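Chain identifiers are assigned alphabetically (A, B, ...) following the order of the sequence lines, protein sequences preceding nucleic acid strands; residue numbering begins at 1 within each chain. All figures in this text were calculated on a predicted structure; none of them were measured in a lab.
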Amino acid sequence: MAYLVSHPDEVKVVSKRFGMGATDIDRYLELDGYEAVQKALGMGPDAIINEVKNSGLRGRGGAGFSTGMKWSFVPKQSAKPKYVLCNGDESEPGTCKDRLIFEHDPHAVIEGVMIAAIAVGAHTGYIYIRGEYRYLSVIMQKAIKDAYAKGFAGKNIFGSGYDLDIYWHGGAGAYEVGEESALMESLEGKRGIPRIRPPFPAVVGLWGGPTVINNAETLASVPPIILGGAEAYAKVGTPKNGGTRLFCLAGHLNKPGVYELPMGYNLKKMIYDVGGGIPNGRELKAVVPGGSSTPVLLPEEIDIAMDFDSVAKAGSMLGSGGVVVLDDTTCIVKFALRTIKFYQHESCGWCIPCREGTDWLKKTLTRFHNGGGVKKDIDNIYYLAENMLGRTFCPLGDAAAMPTMAFVKKFRKEFEDHLDGKPCPYERAGATEPVLA
Amino acid sequence: MADVTLIVDGKKVTAPAGTLLIEACKSAGIEVPSFCYYPGLSLQGACRMCVVKVEKMPKLQTACTTVITEGMVVITDSEEVRQSRKAMVELLLGNHPLDCPVCDAGGECELQDMAFSYGAPESRYTEAKNHREEQQWSPVVYFDRPRCILCYRCVRVCGEGMDVWALGVQNRGVSSIIAPNQSDHLECEECGMCIDICPVGALTSGAYRYKTRPWEMNHVGTVCTHCGDGCKTTLGVRRSDTGMEIVRGDNRDKSGINNDFLCIKGRYAFDFAHNEERLMQPLIRKNGKLEPSTWEEAFELIGRRFREVRDKDGGQAIGVIGSTRTTNEENYLLSKFARAVLKTNNVDHHRSADFPALAAALHGKPGKTATMRDVLTAPAILLIGNDATNQHPLLAWQIRTNVRLRSAKLYVINSAEIKLKKQAAGFALLPAGADAKAVAFLSGDDSVLDSLAAAGTARDAWTALRDQVRGEQNLVIAFGSELRGADIEKLAAFASTLTGAKLICLADYSNSRGASDMGLYPDLLPGYEPAASASKFQQEWGSLPAEKGLTLPEMIDAAKDGKLKALYVVGANPVGRLGIDPFLLSKSFVVVQDMFLTETARIADVVLPSANAYEKSGTCTNTCGDLQLVKKAGEVTDCKPDFEMIVRIADAMGFDVRGLVPFGGGTHSDMGQTRGAQSGEADRHAVWLEAHNLEPKMTPFDPMAILDEIQRVVAGYDVSRVNLLAGADQHIEIAEGGAGAIHKPELIVPANDGLFSSGTLGRYSKTLNSVMENRSADVEVAAD
Amino acid sequence: MRFSDEFETRFSEMITHYPTKRSALVPTLLYAQDEVGYLSDEVIAELAGRLGLTELEVRNVISYYSMLTTKPRGKYNVQVCTNIACMLRGGEEILDHCKKKLGIGHKGTTEDGLFSLEEVECIGACSWAAAAQVNYDFHENLTIEKMDKILDEYKKKGTQ
Ligand SMILES: Cc1cc2nc3c(=O)[nH]c(=O)nc-3n(C[C@H](O)[C@H](O)[C@H](O)COP(=O)(O)O)c2cc1C
Ligand code: SF4
Ligand code: SF4
Ligand code: SF4
Ligand code: SF4
Ligand code: FES
Ligand code: FES
């Protein structure tokens with residue numbers, strides 16, 4: 001079970017029912033549950049989509065695409081059935097927010113899926129949860145069952161005449177399956193190899209039918225938007241970055257945890273105030289602002305608003321909401337190696353640049369960190385990453401290349417300090433300082 | 001579809017809407033490099049070699065997955081594009097073993113070529129490469145994992161193309177690997193398509209591995225000598241102690257009727273040619289035993305005995321059994337030799353389909369037979385009888401490809417649930433042996449419906465199928481040997497009620513159709529001219545025997561009765577294949593021309609070692625009637641083509657071979673005079689040659705001289721010689737031939753060969769044998 | 001072959017959730033593995049048959065997903081995350097400690113068949129790092145001492 005934290009700056013929209021026993025459907029109903037979907041049934045598709053568009057809600061899965069816009073791409077008429085697919089594969093290192101939603105408020109996700117389905121005219125929704133989250137699958141399967149029992153799902157939901165089936169689906173260990181087209185492959189019982197795009201899922205998705213794919217947090221944000229109105233939601237965030245988001249503060253912090261903060265919250269404040277600052281009196285060395293795939297920021301770069309556009313302007317990405325803080329005892333070469341080790345392990349292997357590139361990066365960085373590095377390795381590492389960037393079949397290659405390039409560019413000196421057989425300057429007996437009291 | 005215009009490298013390119021950018025570029029002569037793209041197979045976007053710059057797109061785009069749009073501006077070669085491709089090659093080479101000097105693909109490797117074009121002179125990568133041992137997956141397929149660049153071509157060609165799905169991709173990331181269906185080995189159709197399509201040396205064939213280097217071979221494009229489909233196969237040959245050894249078969253030029261396809265037989269079963277049991281010397285029976293002898297002695301003996309029998313007992317005491325694998329020229333020559341020299345109509349061959357009935361049904365109605373290429377493009381196909389996947393692998397490939405890429409409709413009527421059922425839009429299960437009833441039903445006879453429905457396909461389903469078939473235009477109807485005689489007539493009549501329907505009669509051997517077309521029948525002369533009323537051939541060949549000829553079983557009966565004094569068997573094994581009691585032939589003087597000491601050769605008085613179809617030149621006609629050039633590739637010294645042996649025997653009989661083969665130089669009038677007896681013939685021949693811009697041939701052993709004669713006198717064969725020589729297939733109109741004949745149905749004996757057997761020939765292929773053994777071993781394990 | 005009633009109920013319901021049978025494959029494999037311990041040849045053949053797939057296809061899928069295994073594992077599969085957030089908070093040291101204590105390496109199994117050890121990627125506990133899973137149970141805010149106790153408890157549970 002994950003631990004809950006809180007901070008006065010939090011604005012609880014998605015997390016408002018955390019810790020309140022809302023996994024129980026009756027309790028959920030007491031807490032405004034399933035009101036939004038009933039309202040949505042009355043609004044009709046166009047009004048729902050407009051509302052979501054106006055809310056400024058952008059995808060919480062990483063790319064930050066306008067949710068309302070995505071829904072509007074689904075053709076009104078379709079010979080094949082349409083689907084909604086909730087992406088709960090949460091696997092980007094640094095990210096642990098969807099887990100909290102599933103654990104504390106599964107019905108909110110179901111309700112979000114329902115509203116999305118009504119908006120695009122789908123009659124089936126799937127909620128895909130990564131295989132490691134078995135206990136959450138149990139919670140979700142029960143929640144779905146309860147919703148069916150109450151007539152909220154299945155035939156003629158809420159007596160509206162609208163049929164809508166909701167199903168759970170589980171993964172079995174693969175980060176790449178979080179990528180939307182690989183996710184569909186996985187749901188269809190296949191290897192998680194991404195599909196060629198275009199066509200995009202909104203047009204040709206699951207079993208060839210138009211499919212809306214959204215992150216679990218995105219979908220959980222939808223009922224409050226419908227219930228409270230687009231304007232109120234949008235107002236919480238910054239322009240074009242509506243609402244709140246769950247930030248997962250991790251790493252060298254005194255008070256790590258998942259906090260729901262308004263979009264555009266200042267990163268520096270997030271680290272030093274919300275997160276309680278760096279333990280052991282250490283200095284901040286770097287921040288990974290949005291999950292392991294986002295380029296690292298230096299201490300002088302963190303006085304920024306945490307919304308999609310501002311972080312992009314700072315040369316990184318808001319990503320999936322995983323804020324990982326590194327203190328000055330951290331070896332960047334080692335951190336880069338661990339990052340690339342992940343992408344090497346998770347590359348689906350379909351395309352040459354990612355499959356071979358991540359492997360060579362891992363091999364080179366391993367040797368490099370072990371003191372076997374030579375000068376031209378540093379340029380080679382950068383060259384490799386640069387030649388992966390933008391050339392891979394799916395964004396996982398980019399996700400591996402971008403942070404690597406940033407590490408080399410921003411910490412070249414530290415790479416040089418590892419050269420010529422010198423031991424890692426950060427390796428000491430006992431390695432990591434204890435950060436837990 | 002409407003055309004779309006785009007600009008590629010400053011050039012205006014127009015192509016139909018929906019065309020892939022890589023194809024549009026190709027059509028404009030701009031080659032975009034690719035590993036994973038393969039025309040006709042599903043798109044992958046995996047190798048990233050085909051990247052190009054498309055205006056207004058921030059990233060480079062893969063030309064293999066991009067569909068052209070109006071006004072698109074594309075740059076296929078720029079600094080950025082070259083750098084991207086170079087990086088891909090570098091990355092591949094980073095983990096690729098540098099064993100090109102010993103790799104089978106060395107010299108023909110797409111990675112090598114790419115490295116040359118986009119080159120990575122200095123390796124940036126100093127890490128150890130991932131090494132793995134090579135694995136043998138089947139008698140045919142070997143896999144060398146480190147060489148694999150994961151282009152997935154093999155997986156797709158096996159699945160999408162062959163519909164076998166024996167290869168998969170396992171693991172992920174850098175551990176990704178191509179895997180065979182039985183964990184550590186393959187159980188599949190062993191077609192070698194995966195090997196052929198592999199751009200590098202990761203998949204190699206047992207037949208060719210480490211034998212030679214591509215540049216040490218000569219390549220000869222010829223026609224497969226196994227089933228009746230007539231695939232073009234390119235044989236790689238190399239000098240050896242005994243002549244020219246065939247070391248490889250493939251279809252590198254892809255220009256044949258088979259395009260990309262070859263089955264195991266066309267690709268690997270050339271190895272019978274070098275079987276150690278191959279006869280290398282004439283054998284003569286002395287004191288009851290076959291003893292090695294000389295050609296002179298053999299020809300002298302045969303010539304003397306044949307002449308004695310003919311002169312003493314008459315031509316009807318001699319029987320001739322021809323071959324379904326020899327060339328048209330040899331078959332024609334044999335038919336002519338029998339009639340003109342041996343003076344007998346006792347001519348036959350192993351019949352596996354009823355072409356004479358088809359000729360009779362279509363006589364004078366041209367345009368009613370389909371080519372093998374038609375099967376690839378027809379909007380609909382009806383297959384009655386036959387298990388094409390096993391018996392006509394190319395036909396099955398054409399059907400599958402047509403269904404997959406052009407959405408052709410396939411209808412199957414069969415007494416078994418054959419594999420092609422999967423592609424069928426309509427399938428009807430027949431009670432065994434009820435094929436004729438199916439034809440009656442198609443033709444409108446509903447009285448058979450009850451008995452047809454007995455196998456499980458309901459009456460409604462039968463009627464629905466018939467309605468669908470009746471609604472098809474330009475339908476190709478292929479039928480197996482289940483249909484014979486009057487059934488074929490009925491089917492042809494049914495076909496004539498449909499718009500544009502065409503027929504294919506399926507026969508089993510590589511030149512079954514040729515044997516039939518060239519008149520290896522007692523009652524039919526070349527071009528289905530009835531022997532009884534063949535005034536044309538009278539004119540061409542001189543006086544013909546008047547006696548009615550015997551069929552093959554009748555000849556055996558006559559031999560039993562001691563009436564058949566001599567039997568001349570050319571490239572056939574009737575004892576082995578047709579289950580004839582060898583004792584029945586003990587009273588006859590038997591001459592056999594063969595490569596091996598077959599069951600028939602074993603009882604012969606003289607055995608002459610013959611060259612096979614890969615060791616001679618000529619033409620052959622596939623089951624559809626597609627005429628193709630056969631080219632000499634291999635050579636085994638001391639074996640002679642059947643053509644030469646027939647001429648030598650005629651000569652030894654004292655026959656002036658100019659009467660058999662129109663050869664000889666000089667002026668036309670001179671040729672006329674030296675031909676003597678058949679006055680007029682030479683002139684006609686000379687006039688024809690001149691009209692066709694052809695030179696007279698110089699020796700009696702040149703089969704092209706007979707090709708001249710075939711083209712001149714066999715109805716339907718007067719096709720373009722230039723096209724033929726250029727390697728193109730030419731369709732023969734059976735309808736233009738003579739009246740044909742309806743024979744007793746029991747004269748047709750299906751070969752019952754499958755994917756891994758090929759009559760007598762197949763027994764001498766180590767490749768086919770090892771696959772068979774492998775299979776039975778698997779079955780035994782499974783049974784445990 | 002026989003699975004538990006619970007498995008069968010879930011399976012027969014699940015395949016009705018999709019337009020194609022094979023869609024149920026991935027979660028079904030995981031549930032089957034939970035029952036049998038690993039995906040044996042027998043399980044593969046059985047599920048391939050039920051879902052209308054070749055065994056090759058099933059193996060292709062199994063080999064893709066890191067939680068699926070065709071080899072038996074220990075009763076308790078200890079999965080220690082060493083990914084970035086955990087690494088910063090001692091994940092690697094915890095893994096090393098497990099290795100030493102259990103006497104096995106990455107993907108090893110103890111001789112008594114009680115424990116297997118695995119270094120895993122992020123398990124979604126980054127804000128509560130360092131983290132590990134033993135089978136499906138999460139253990140978070142780990143220190144070496146805490147991990148040591150956790151292993152002892154499992155050992156006790158497993159040998160009772
Ligand atoms: C390699 C990779 C992994 C991803 N993993 C996840 C994931 O675990 N969860 C998720 O919601 N989105 C993930 N995404 C993003 C999805 O592709 C997709 O953009 C997202 O689910 C869309 O939902 P949203 O618009 O609500 O963000 C991943 C993308 C990539 C390229
Ligand atoms: S970038 Fe290529 S290899 Fe990497 S995960 Fe995507 S498709 Fe697979
Ligand atoms: S030999 Fe043919 S059937 Fe066998 S794996 Fe290769 S492509 Fe498939
Ligand atoms: S074996 Fe050959 S064809 Fe198959 S994926 Fe590897 S390189 Fe491509
Ligand atoms: S299909 Fe027939 S002709 Fe073609 S390669 Fe096979 S045996 Fe030879
Ligand atoms: S040829 Fe286009 S990606 Fe391989
Ligand atoms: S990094 Fe260990 S749980 Fe996320």
(request) Would you please classify the geometry between the A/H7 ring and the A/Y259 ring as parallel, tilted or perpendicular, with 30° and 60° separating the classes? (result)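 Judged by the thresholds at 30° and 60°, the geometry between A/Y259 and A/H7 is perpendicular.
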Pairs of heavy atoms under 4.5 Å with chain C: top-ranked of [options]:
options: A/A172, A/P256, A/G192; answer: A/A172
options: A/V5, A/L187, A/V258, A/V324; answer: A/L187
options: A/K97, A/K255, A/H345; answer: A/H345

Is it the backbone or the side chain of [X] that comes under 4.5 Å from a heavy atom of chain A, or both, or neither?
X: C/Q79; value: neither
X: C/V58; value: neither
X: C/D137; value: neither
X: C/E13; value: neither
X: C/T28; value: neither

(message) Under 3.5 Å, is there a donor on one side chain and an acceptor on the other for A/S15 and A/E260?
(response)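 The answer is yes; a qualifying pair exists.
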(message) Between C/H97 and C/D148, do the side chains contain a donor N or O and an acceptor N or O under 3.5 Å apart?
(response)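 Yes, because at least one side-chain N or O of C/D148 sits under 3.5 Å from a partner of the opposite role on C/H97.
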(request) Please say which of A/Y126, A/Y128, A/Y83 ends up in a ring-ring contact (aromatic ring centres under 6.0 Å, His included) with A/H169. (result)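 Answer to the ring-ring contact (aromatic ring centres under 6.0 Å, His included) test with A/H169 among A/Y126, A/Y128, A/Y83: A/Y128.
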(request) Salt-bridge test for C/D41 and C/R59: reply yes if a basic N is under 4.0 Å from a carboxylate O, no otherwise. (result)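 Here C/D41 pairs with C/R59 in a salt bridge, since their nearest N and O are under 4.0 Å apart.
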